[in-house]
Amino acid sequence: MNELERIMNDPYEFISRLSIIDKNGKLIELRPNQEQLHMLEALEEGKDIYILKPRQIGSSTLNVAYMFWKFFTSKTPMTQVFMSHKSTSSKHLLNIAKKMYYQLPSELQREIEVDNTTTFKLRDTGSELKTVSAQSKGGLRSFTCSRLLISEIAFAERPDEMMAAAIASLNNGQLIVESTANFYNDILHRSVMKIQNGSLNATALFFPWTSHNEYKTHIKKEDKFSRDHEEVDLQMTDEQVFWRRDKISKLGWEKFVREFPLTIEEAYTQTGSSYLPTQDLKDIDIVQVSSDDMIYLATPENCSELSKSVGI
């Protein structure tokens, strides 16, 4: 096996040589971070994958790169699909793959049969990447695919229908679902819980924001940093605490824990249109509906008395 064949057969070696546009608009090589390496390992196992993630850890980029590797190295026709809650989002994923192709050395590029806003197809093998949105009419009903990536499913208008259409279109292929949390018991939350209790045969991946190396801020002397009473017991570096403090000041606590959770439970602390702040909800242990259809909130202080009064 020569060097080129070795690279083509190894997803890590291939992907780490692809070019992407970074957050600053610069063209760089894709060097997988720790979270992306975990995703790559899970993808290679072949099971369906559900990824609950904080913002901007490179999940979409890695999944697109893996699908591009499959697209480019397949020797037979293969259809893989990018799907999102918005047409612009799914087309953005396809554009990432196209840029990967056009940044390949010219001697590796092959003739393209179709190159438009929804399809990118190689002429020699018939391998193709397609894009579909939850908003499009017909969607996935007109074809089957070998692998399908759904991005930000928790924010789709009809996520259950979107999931059902995706599963029906897969030809014994791999489903990849990635999203940040939206609300308690959203479709991704339910899927992750099913995987954890063994009722769904798939892989669940969760990455706390502290695992992402970029989420920290260098502390200068003039910052005069010291932890406040709420930050003293946080199991993270001062640079992470400083970054966290800045994000909370800009986003607010509720949006911060949804966009950058430390645990799955924290990601779904906010239940939606609640009248109580999330930090207050953390002190509530039990939510019980009694026979008179009244909702009682039990805290550690009133739990014993409330249990007697409503017969819990």
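Since this is a predicted model, take the numbers as computed values, not measurements.
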Between [X] and [Y], does any side-chain N to carboxylate O distance fall below 4.0 Å?
| X | Y | answer |
| --- | --- | --- |
| Glu254 | Arg258 | no |
| Arg31 | Glu29 | yes |
| Glu178 | Lys53 | no |
| Lys23 | Glu214 | yes |
| Arg245 | Asp223 | no |
| Glu157 | Lys86 | no |
| Glu152 | Arg55 | yes |

At their closest point, which heavy atom of [X] faces which heavy atom of [Y], and how far apart are they?
| X | Y | result |
| --- | --- | --- |
| Val241 | Leu234 | CG2-CD1, 4.4 Å |
| Ile153 | Pro159 | O-CB, 3.6 Å |
| His212 | Gln56 | NE2-O, 3.6 Å |
| Ser74 | Thr125 | O-CG2, 3.4 Å |
| Ser90 | Phe82 | CB-O, 3.9 Å |

Less than 4.5 Å apart, any side-chain heavy atom of [X] and any of [Y]?
| X | Y | result |
| --- | --- | --- |
| Arg244 | Thr210 | no |
| Trp253 | Val257 | yes |
| Thr203 | Ile51 | no |
| Tyr102 | Asp115 | yes |

Ring geometry between [Y] and [X] (parallel below 30°, tilted from 30 to 60°, perpendicular above 60°):
| X | Y | result |
| --- | --- | --- |
| His38 | Phe207 | tilted |
| His189 | Tyr184 | perpendicular |
| Trp243 | Phe260 | perpendicular |

Does [X], at its [atom1] atom, have more than 12 non-hydrogen atoms belonging to other residues, nucleotides or ligands within less than 6.0 Å?
| X | atom1 | value |
| --- | --- | --- |
| Gln235 | CD | no |
| Asn213 | CG | no |
| Asn2 | CG | yes |
| Lys255 | NZ | no |

Check: Hey, would you say the Phe120 and Phe71 ring centroids sit under 6.0 Å apart?
Finding: yes
Measure from the side-chain N and O atoms of [X] to the backbone N and O of [Y], and report whether any donor-acceptor pair falls under 3.5 Å.
| X | Y | answer |
| --- | --- | --- |
| Gln174 | Leu43 | yes |
| Thr119 | Asn116 | no |
| Glu259 | Thr180 | no |
| Asn197 | Met193 | yes |

Checklist line | Lys121 NZ to Glu111 CD distance, which is reported to the nearest 0.5 Å | finding: 12.5 Å
Checklist line | Tyr268 and its side-chain hydrogen bond (donor to acceptor under 3.5 Å, both in side chains) partner, picked from Asp186, Asn182, Thr263 | finding: Asp186
Next item on the list: Using the ring of Phe72 (Phe, Tyr or Trp, six-membered ring only), decide whether Arg110 places NZ or CZ under 6.0 Å from its centre and within 45 degrees of its axis.
Entry: yes
